[in-house]
Engineer: 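This is the structure, below, for whatever I ask next.
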2 protein chains.
Amino acid sequence: MPLAISKDSRREDFVQAAAALIADRGFHGTSIAAVADQLGVTKQALLHHFGSKERLYGEVLAGISDRMMAVLVEGQEERMSPEARLETFFAIYCEQALADSTDVRIIVRELMDNKQRAEQAGKWYLKPFLQELAAMVQDTGRWREASRNEAMLVAYQMLGAVSYFAISDPTLARMFGQDAHDDMARRFPDQVQYSLQRILGSI
Amino acid sequence: MPLAISKDSRREDFVQAAAALIADRGFHGTSIAAVADQLGVTKQALLHHFGSKERLYGEVLAGISDRMMAVLVEGQEERMSPEARLETFFAIYCEQALADSTDVRIIVRELMDNKQRAEQAGKWYLKPFLQELAAMVQDTGRWREASRNEAMLVAYQMLGAVSYFAISDPTLARMFGQDAHDDMARRFPDQVQYSLQRILGSI
DNA sequence: CATTTTCCTTACCAATCGGTAAGTAGCTAA
DNA sequence: TTAGCTACTTACCGATTGGTAAGGAAAATG
């Protein structure tokens, strides 16, 4: 009883269900039976499409990689200054991470886990992404003389600030109450923007 | 064949082994048998001391909580300005997180996981810690007029930047090579200090 | 109309999970 | 000397894990 129109869209259903569960419970905490259950089928249906849990996870990571690279170009325009480019990127990244932290949570888990899952697909997908960001930083007036590694640190620091806040969502809401958390989430993008401008020397 | 001198130190052996494994593989990815194996005993020896995996994990979190609160007071002196207090805190936190990221990795996993493990011990241990940091920020000249939530965001942002970099250690080393990573890790504390000063308005 | 392919099912499998039960060796205290 | 305690052990347990094998209904293809 296929519920999806095409083969690919059915696969995408599995990938999305897996991403949601893995973001919540982690790779080890997510069984393929639980993923299949989300679509109302048995785990053998999932294994039919992907062959193994690892392969399914690989497709989850591939999807994240695609979306990350898309954010890099989104909203970017020819005439923009490097400073404006970085502000645009972090504004969009921030907005997306706060709206749905699924990808960020999986990335963070992968950062910590991939030491185990040796030579896995998706291990290097962050590299061009980070290098592009570092290049942007190095193009700004304030960091023109900085080394590549110094520029990378500037980018990585802002990336970390946004990511950390995005994954803290459930804990902060519990700790300080939903209202306080909502207030913080509303203010957060401005805070990021302010810090970025201070660090880049724009203000 | 007890290998430790006292009962408490034997328990501490288990807690340390568990912390190392949980930091690496997560709670779900760490079996009590694997922890016991680190000490060369069977999992029943572990269960004899802690009764359950959850209880062992609770003690791991309690240890982290103690160490976090200790960092808050470490290096702080009476005559220090709020700005100097924050700089001191982040310098120490940064140093410790880079030297051994075990605690940070467990904290980050807990931030994402504790939605599942409902009403768990150690869920609120971060609260006084964060409130103390927010109070420090609110004492600075630049953020005196800010709301408590705005001040919290400033602190949280820096905490996130340091934590994210600390957990990225293995991935960054693989991505850019050990040398490049070491160079970044060496520069990172200064970068944090610079950003903090820019955000606090010290420079 | 017949055949193949797609997408799923039930029925298994060995391995591992957290945890219980029932000891046992060695030390301590009455 | 003996009773009890500590710190383990081996022997289990039911549940769950990822994965295989075989088959079946429906749709696509010849």
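Reminder, nothing fancy here: chain letters follow the sequence lines and each chain counts from 1.
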Engineer: Applying salt bridge (Lys or Arg N to Asp or Glu O under 4.0 Å), name anything that partners A:Glu83, two or more places apart in sequence or on another chain.
Structural biologist: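 Checked A:Glu83 against salt bridge (Lys or Arg N to Asp or Glu O under 4.0 Å); zero matches.
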
Engineer: Holding to side-chain contact (heavy atoms from CB on, under 4.5 Å), I want the full list of residues that pass it with A:Ala62, two or more places apart in sequence or in another chain.
Structural biologist: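 A:Ala62: no side-chain contact (heavy atoms from CB on, under 4.5 Å) contacts found.
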
Engineer: With a cut-off of 3.5 Å and sequence neighbours excluded, list every side-chain donor-acceptor pair involving residues 159-169 of chain A.
Structural biologist:
unit_1, atom_1, unit_2, atom_2, d
A:Ser163, OG, A:Tyr93, OH, 3.0
A:Ser163, OG, A:Leu159, O, 2.7
A:Ser168, OG, A:Tyr164, O, 2.6
A:Ser168, OG, B:Tyr156, OH, 2.5

Engineer: How many angstroms lie between atom CZ of A:Arg11 and atom OG of A:Ser9, to the nearest 0.5 angstrom?
Structural biologist: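 One gets 11.5 Å once the value is rounded to the nearest 0.5 Å.
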
Engineer: Using five base pairs at each end, measure the axis-to-axis angle across the helix from C:dC1-D:dG30 to C:dA30-D:dT1 and round it to 10 degrees.
Structural biologist: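 For the helix from C:dC1-D:dG30 to C:dA30-D:dT1, the axes at opposite ends meet at about 0°.
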
Engineer: Between C:dT20 atom C1' and B:His48 atom NE2, what is the distance in whole Å?
Structural biologist: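 After rounding, the reported distance stands at 15 Å.
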
Engineer: Starting at CZ of A:Phe50 and ending at P of C:dC7, how long is that distance when rounded to a whole Å?
Structural biologist: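 My rounded result for the distance is 11 Å.
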
Engineer: Using a 3.5 Å cut-off and no angle test, enumerate the donor-acceptor pairs between side-chain atoms of residues 73-80 of chain B and protein atoms at least two apart in sequence or in another chain.
Structural biologist:
unit_1, atom_1, unit_2, atom_2, d
B:Gln76, OE1, B:Arg85, NH1, 3.4
B:Gln76, NE2, B:Arg85, O, 3.1
B:Glu77, OE1, B:Arg79, NH1, 2.4
B:Glu77, OE1, B:Arg79, NH2, 3.1

Engineer: Give a yes/no answer on whether the side chain of A:Arg10 brings an N or O atom under 4.0 Å of OP1 or OP2 in C:dC8.
Structural biologist: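 For C:dC8, OP1 or OP2 has a side-chain N or O of A:Arg10 closer than 4.0 Å.
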
Engineer: Whether B:His49 contacts D:dT6 is assessed here as follows: a side-chain N or O lying under 4.0 Å from the phosphate OP1 or OP2. Is that the case?
Structural biologist: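 Looking at the OP1 and OP2 atoms of D:dT6, neither is under 4.0 Å from any side-chain N or O of B:His49.
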
Engineer: Quick one: salt bridge (Lys or Arg N to Asp or Glu O under 4.0 Å) pairs with a partner in residues 155-166 of chain A, sequence neighbours left out?
Structural biologist: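 The answer is none; no pair qualifies.
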
Engineer: Under the rule for side-chain contact (heavy atoms from CB on, under 4.5 Å), what residues qualify as partners of A:Arg67, not counting sequence neighbours?
Structural biologist: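 Partners of A:Arg67 under the side-chain contact (heavy atoms from CB on, under 4.5 Å) test: A:Ile64, A:Asp103.
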
Engineer: Going 5' to 3' through nucleotides 12-24 of chain D, assign each nucleotide B (protein heavy atom under 4.0 Å from a base atom), S (under 4.0 Å only from sugar-phosphate atoms) or - (no protein heavy atom that close).
Structural biologist: -----SBBBB---

Engineer: Of all residues at least two apart in sequence or in a different chain, which pass the side chain to side chain donor-acceptor pair (under 3.5 Å) check with B:Gln197?
Structural biologist: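 B:Glu87.
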
